[in-house]
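Numbers restart at 1 for each chain; the letters A, B, ... are given by sequence-line order, proteins then strands. Remember, predicted model here, so these are calculated numbers, not experimental data.
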Amino acid sequence: MRLSRYFLPVLKETPAEAQIVSHRLMLRAGMIRQASAGIYSWLPLGYTVLRNIERIVHEEQQRAGAIPVLMPTIQSADLWRESGRYDAYGPEMLRIRDRHDRDMLYGPTNEEQITEIFRAAASSYRDVPRMLYHIQWKFRDEIRPRFGVMRGREFLMKDGYSFDVDRAAAEVSYNKMMVSYLCTFERLGLQAVPMQAESGPIGGDLAHEFLVLADTGESEVFLDRAMVDMALGDTPVDYEDAAGLAEIRRRWTAPYARTDDTHDQAAFEAAVAEGDRMVRRGIEVGHIFYFGTKYAEPLGATIVTHEGERVPIHGGSYGIGVSRLVGALIEANHDDKGIIWPESVTPFAVGLVNLKQGDGVCDGACADLETQLAAAGLSVLYDDRDERAGAKFATMELIGLPWRLTVGPRGLKAGTVELASRRSGEVIELAPQDAVARLAEIYRGV
RNA sequence: CGGGGUGUGGCGCAGCCUGGUAGCGCGUCGGUUUUGGGUACCGAAGGUCGUGGGUUCGAAUCCCGCCGCCCCGACCA
C-alpha cells in the first residue's frame with residue numbers, strides 16, 4: 001500500500017477529549033473516529049488491526065474445538081422474557097420497538113439466543129459436548145462510556161458457549177477455553193493473567209477473568225509476582241487430553257491472583273510472601289465462567305442421558321473483548337513516540353521510507369522492494385509522499401509498525417538499505433534482498 | 001443519575017468578565033526549496049461562534065431553555 005493512496009488521517013496534535021494513552025494514540029494514528037459517546041467508526045488502520053485480532057481469536061477458538069456461528073445483533077424480547085432477564089437486565093440494555101410495536105433489543109450478550117438454537121437441535125447425550133461461538137457487535141448502554149474503545153457502548157466481542165451433560169463434562173469444556181485463552185493472549189503478545197472471579201449463582205471456582213496489567217486499568221488487582229512472567233511458551237497443548245488441560249489450569253490458577261471483587265487480604269498475605277505481593281491495575285480482556293443450568297432450565301434446553309434420563313444442559317460462557325483488546329494492546333505496547341505493534345497484529349508487516357522521493361534510483365529501489373515484499377507475502381506501507389524524512393519516520397513510529405525499511409541515496413551507493421526495529425531501535429544495514437529474507441524469517445509462523 | 005467542566009474553520013486554542021460583526025498556531029491548497037529525524041519562505045482557501053428563544057440600534061460576548069461531548073463516582077468484555 002502506498003501512503004499517497006491510503007486513508008490515514010493522522011493527527012499532529014492530541015485531541016483534548018482523550019484522557020488515556022491508547023485512546024490518544026488511536027485517534028492520532030487515524031485508527032478510529034468517534035461517532036457519538038462510546039460509539040466509534042473504525043478507519044482503515046484500526047480496522048485492519050481489529051481484523052487481525054479477530055483472526056487470531058478465530059484460529060485459537062477453532063483449535064480448541066469451538067465452532068463458529070454468527071447470531072444477529074437485534075434480538076426479540078420474547079426469549080429474554082423466557083429467561084427472566086428482560087426485566088432483570090436494566091437500562092443497560094438498549095430496547096427497541098419495531099414497526100409492529102414488537103419489543104426488540106440490541107443484544108448485550110447471546111446466552112438466550114444460543115440456548116434457543118441449541119435446544120432446538122440437541123436431544124441426546126450424543127449431541128454434547130459442543131462449543132459454539134461467534135464474534136459479533138454488542139451494545140450495552142453504559143452509564144458512562146470512556147477511554148475510547150476500552151469502554152465503548154458498542155463493542156466487538158467474541159462470546160462462546162459450551163454445552164455438556166453434567167458439571168464434570170462442563171469442566172472439561174471450561175478447561176479447553178481457559179487454555180485457548182492463554183494461547184490467544186500469548187499470540188497477541190499480551191500477558192493476560194487469569195484471576196479468580198465471582199462465581200455467580202453456581203458456586204465453585206469455575207469463573208476467571210483475564211486481566212492485562214496496565215496503569216490505566218479499571219480494576220485493582222492483587223497477585224503473586226510469579227504470575228507476571230508465567231508463559232505457556234512451548235508447552236504442548238493437546239485439546240483431546242483432558243488431564244493435560246486440567247494440569248495447565250491448575251498451574252495457572254495456583255498462585256494468588258484476584259481482582260478487588262474477590263480479593264481477600266488475609267488469604268493474600270497467607271499465600272504470598274511480602275516481597276512477591278503485587279497490587280496493580282488491570283484491564284479485563286476476557287471472562288470465562290460456568291453457569292450450570294441457569295439458562296437451560298427456564299428455556300427448557302434438555303438432553304436425554306445414556307441412562308435415559310432427561311436433564312438440563314450444563315452451560316458455560318466465554319467472552320473476549322475483541323475491540324477492547326486493540327486498546328489494551330496499545331496500553332501494553334507504546335512509547336512516547338507512538339504505538340509499537342506486536343508482529344501478530346500489526347496492520348502492515350513493514351513500513352518503507354523513501355528518503356529522496358522523486359529520485360529515480362531511490363524510487364526504483366523502493367518499487368523493487370515493494371515487489372519483493374509482496375512476493376514474500378509481507379504487507380508493506382510505503383510512504384511515498386513528498387515529505388521530509390523526519391515526518392515520514394514520525395508517522396511510521398506513531399502508527400507503530402514494528403519494522404521499517406529505509407531507502408536513501410547514501411545507502412544505495414553501497415548497495416544497502418536500513419532495517420530498523422521499532423521496539424529496540426536497532427538499525428542494521430543490509431542488501432535489499434537480505435532485508436526481505438530477514439523480514440520473512442521474522443514473520444514466519446507469526 | 002449526582003458532582004465538575006466544555007462547545008469558536010480538519011486539530012489545538014484565544015476572544016466572552018467590560019456587547020461594535022472573529023483571531024492565532026498546526027494542518028490543507030498553489031508556488032519556491034530536493035530535503036538522512038516533524039525545513040524555510042511567499043501566496044491562498046476555509047467559520048450558520050452547538051442549538052432555540054430573549055434583551056439590545058447592535059450578541060461569539062448578557063439572560064433563559066434544550067442538545068452534544070469530556071472528567072470524577074456506582075455497573076461491565
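Within 4.0 Å of Asp359(A), counting heavy atoms only, lies no atom of the nucleic acid at all. Residue contacts shown for Gly152(A) include a base, since a base heavy atom lies under 4.0 Å away. Within the 4.0 angstrom heavy-atom criterion, no nucleotide atom of any strand lies near Gly90(A). Across all strands shown, Thr109(A) has no heavy atoms under 4.0 Å from either base or sugar-phosphate atoms. Here Pro9(A) lies out of heavy-atom contact (under 4.0 Å) with every strand. No engagement by Gln136(A) is indicated, since no non-hydrogen atom pair under 4.0 Å with the nucleic acid exists.
Taking only side-chain atoms of Glu92(A), from C-beta outward, the nucleotide of A74(B), C75(B), C69(B) with the closest atom is C75(B). Closest contact between the side chain of Glu218(A) and the listed nucleotides C75(B), A77(B), C72(B) involves C75(B). Distances from the side chain of Arg140(A) to the nucleotides C75(B), G37(B), A77(B) place A77(B) closest. The nucleotide whose nearest atom lies closest to any side-chain atom of Ala37(A) is, among G36(B), C70(B), A77(B), C70(B). Nearest to the side chain of Ile143(A), among G73(B), G38(B), A77(B), sits G73(B). Nearest nucleotide to the Ala394(A) side chain, out of G36(B), G38(B), A77(B): G38(B). Comparing atom distances between the Glu142(A) side chain and each of G36(B), C76(B), C69(B) picks out C76(B) as nearest.
Pairing partner, G68(B): U6(B), with both Watson-Crick or wobble hydrogen-bond distances short of 3.5 Å.
For the pair Asp363(A) CG and U35(B) C1', the interatomic distance rounds to 14 Å; values are reported in whole Å. Regarding Arg28(A), its CZ atom lies at a distance of 11 Å from the C1' atom of C11(B), rounded to whole Å. Atoms CD (Glu111(A)) and C1' (C76(B)) sit 13 Å apart, rounded to a whole Å. At whole-Å resolution of the value, CZ in Arg151(A) and C1' in C71(B) are 15 Å apart. Rounded to whole Å, the distance from CD on Glu387(A) to C1' on A40(B) is 14 Å.
Each of Glu116(A), Glu112(A), Glu111(A), Arg85(A) was scored for a side chain to side chain donor-acceptor pair (under 3.5 Å) with Tyr295(A), with one residue passing: Arg85(A).
In this structure, Arg55(A) and Glu60(A) have side chains that are not in contact, with every pair of non-hydrogen atoms separated by 4.5 Å or more.
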